[in-house]
Amino acid sequence: MGHLDHAALGWLTPALSYVMACIGAALGLRCTVRALATTGRSRRNWLLTAASAIGTGIWTMHFVAMLGFGVTGTDIRYDVPLTLLSLLVAMVVVCAGVFAVGYSRDRGRALLVGGLTTGLGVASMHYLGMAAVRLHGDVSYDPLLVGLSVLIAVVAATAALWAALNIKSPVAVTIASLIMGAAVSSMHYTGMFAVGVRVTPSGDALPGATAMQFIFPLAVGLGSYLFLTSAFVALSPTAGERAASASAQRPVRSVAPQPRG
């Protein structure tokens, strides 16, 4: 069995991946809070932004962590179409969960269905990303740890959707985001500890792209999207602020004094 290193670059990749997960969670929660305070097209747009932020954060967390993944005795490449498919899956399933919570009248049921759907989707994203790995050897999985990673994904997704419905203040959102980031990271590394590799030495060239050729530029691009969107949301007025501004700008009618007598 080849020796697996999950932190080949030291603590840089685990720490940075956790930060990306927290930023995606915080941005997603703030956008969902904005969405629930609006209606119509505005609600839809905020929910789309929330879903893209959470999905991007989860995917970026996974592949930033994968930058530190190495196996002794073999190089590693990534299948580009499968990697992009994993990003699409992350976006679609998170979008389904967020919209279920944002529009359903029975929020308890929507929370359960959305949490299960989103959690299974996040786990699918993770294992699709692992299926994109190309190396000299055979990859196997510990079924117990795989099941545990899926359970963590479902619980984390349900907790995230619950937080989106119930947490409003910026301080509470920050705390919830730190917890959610830890949950997503735990799911990832539980899934990674389930991996075993039997290396078959070979001089043949591996298909696919290296992490630095493909994963790193894409992760940087998505990370930049998260930071720019965070700035936009921070500077965008809330529904309450817009209402207060409109009220302040409304002209005050002066009442003419009535003549006596």
Side-chain angles (χ1 to χ4, degrees), residues 9 11-36 42-68 78 83-99 101-102 118-119 121-122 125-126 128-129 153 156-157 159-161 163-164 167-189 211-212 214-238:
L9 302 178
W11 285 101
L12 175 63
T13 49
L16 185 57
S17 64
Y18 172 68
V19 169
M20 299 310 298
C22 291
I23 292 174
L27 181 56
L29 290 180
R30 291 303 299 162
C31 290
T32 305
V33 169
R34 298 287 188 93
L36 296 177
S42 181
R43 171 173 289 195
R44 182 201 64 191
N45 291 341
W46 279 117
L47 289 175
L48 284 173
T49 306
S52 67
I54 296 174
T56 298
I58 292 171
W59 188 93
T60 306
M61 177 273 143
H62 171 80
F63 280 100
V64 167
M66 290 300 290
L67 291 174
Y78 292 89
T83 303
L84 293 176
L85 178 61
S86 71
L87 174 60
L88 179 62
V89 167
M91 294 290 190
V92 170
V93 296
V94 172
C95 189
V98 168
F99 270 74
V101 168
T118 305
V122 169
M125 178 279 299
H126 174 88
L128 268 174
L161 295 176
I167 293 178
K168 307 298 180 186
S169 74
V171 174
V173 166
T174 300
I175 295 173
S177 302
L178 294 174
I179 296 172
M180 288 164 55
V184 172
S185 297
S186 298
M187 179 268 159
H188 170 82
Y189 284 105
M212 288 301 175
F214 175 61
I215 301 299
F216 179 72
L218 188 56
V220 169
L222 293 175
S224 300
Y225 163 77
L226 286 177
F227 281 108
L228 291 174
T229 308
S230 297
F232 167 77
V233 172
L235 296 174
S236 176
T238 64

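Heavy atoms only: backbone and side chains are in, while hydrogens, waters and symmetry mates are out.
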Enumerate donor-acceptor pairs with a distance under 3.5 Å from any side-chain N or O in residues 83-95 to protein atoms, sequence neighbours excluded.
{"unit_1": "Thr83", "atom_1": "OG1", "unit_2": "Asp79", "atom_2": "O", "d": "2.7"}
{"unit_1": "Ser86", "atom_1": "OG", "unit_2": "Trp59", "atom_2": "NE1", "d": "2.9"}
{"unit_1": "Ser86", "atom_1": "OG", "unit_2": "Thr83", "atom_2": "O", "d": "2.5"}

Nearest 0.5 Å, please: how far is [atom2] in [Y] from [atom1] in [X]?
X	Y	atom1	atom2	result
Ser17	Leu12	OG	CG	9.0 Å
Thr174	Leu29	OG1	CG	9.5 Å
Leu128	His62	CG	NE2	9.5 Å
Thr13	Met61	OG1	CE	9.0 Å
Leu226	Ile54	CG	CD1	10.5 Å

Shortest non-hydrogen contact from [X] toward [Y]:
X	Y	result
Ala26	Ser177	CA-OG, 2.9 Å
Gly28	Ala53	N-CB, 4.0 Å
Arg44	Phe99	O-CZ, 3.8 Å
Val98	Ala50	CG1-CB, 4.4 Å
Ala211	Leu67	CB-CD2, 3.6 Å

Just so I know, are the side chains of [X] and [Y] near enough to count as touching, which here means a heavy-atom distance under 4.5 Å?
X	Y	answer
Leu218	Phe63	no
Cys31	Leu47	no
Met180	Cys22	no
Val64	Phe216	no
Ile58	Met125	yes

Holding to ring-ring contact (aromatic ring centres under 6.0 Å, His included), I want the full list of residues that pass it with Tyr18, two or more places apart in sequence or in another chain.
none
List the steps and the verdict of side chain to side chain contact (heavy atoms under 4.5 Å, CB included) for Met66 and His188.
CA-CA 10 Å; Met66 290 300 290; His188 170 82; 4.0 Å; yes
Sequence neighbours excluded, every pair satisfying side chain to side chain donor-acceptor pair (under 3.5 Å) that has a member inside residues 47-58:
Ser52-Tyr225
Are any side-chain N or O atoms of Arg43 and backbone N or O atoms of Gly102, one a donor and one an acceptor, separated by less than 3.5 Å?
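The answer is yes, because a donor-acceptor pair under 3.5 Å joins these two groups.
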Is the backbone N or O of Val233 less than 3.5 Å from a side-chain atom of Arg34, with the two atoms forming a donor-acceptor pair by type?
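Yes, Arg34 side chain to Val233 backbone: donor-acceptor pair under 3.5 Å.
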Trace of the side chain to side chain contact (heavy atoms under 4.5 Å, CB included) decision for Thr32 with Trp46:
CA-CA 7 Å; Thr32 305; Trp46 279 117; over 6 Å; no
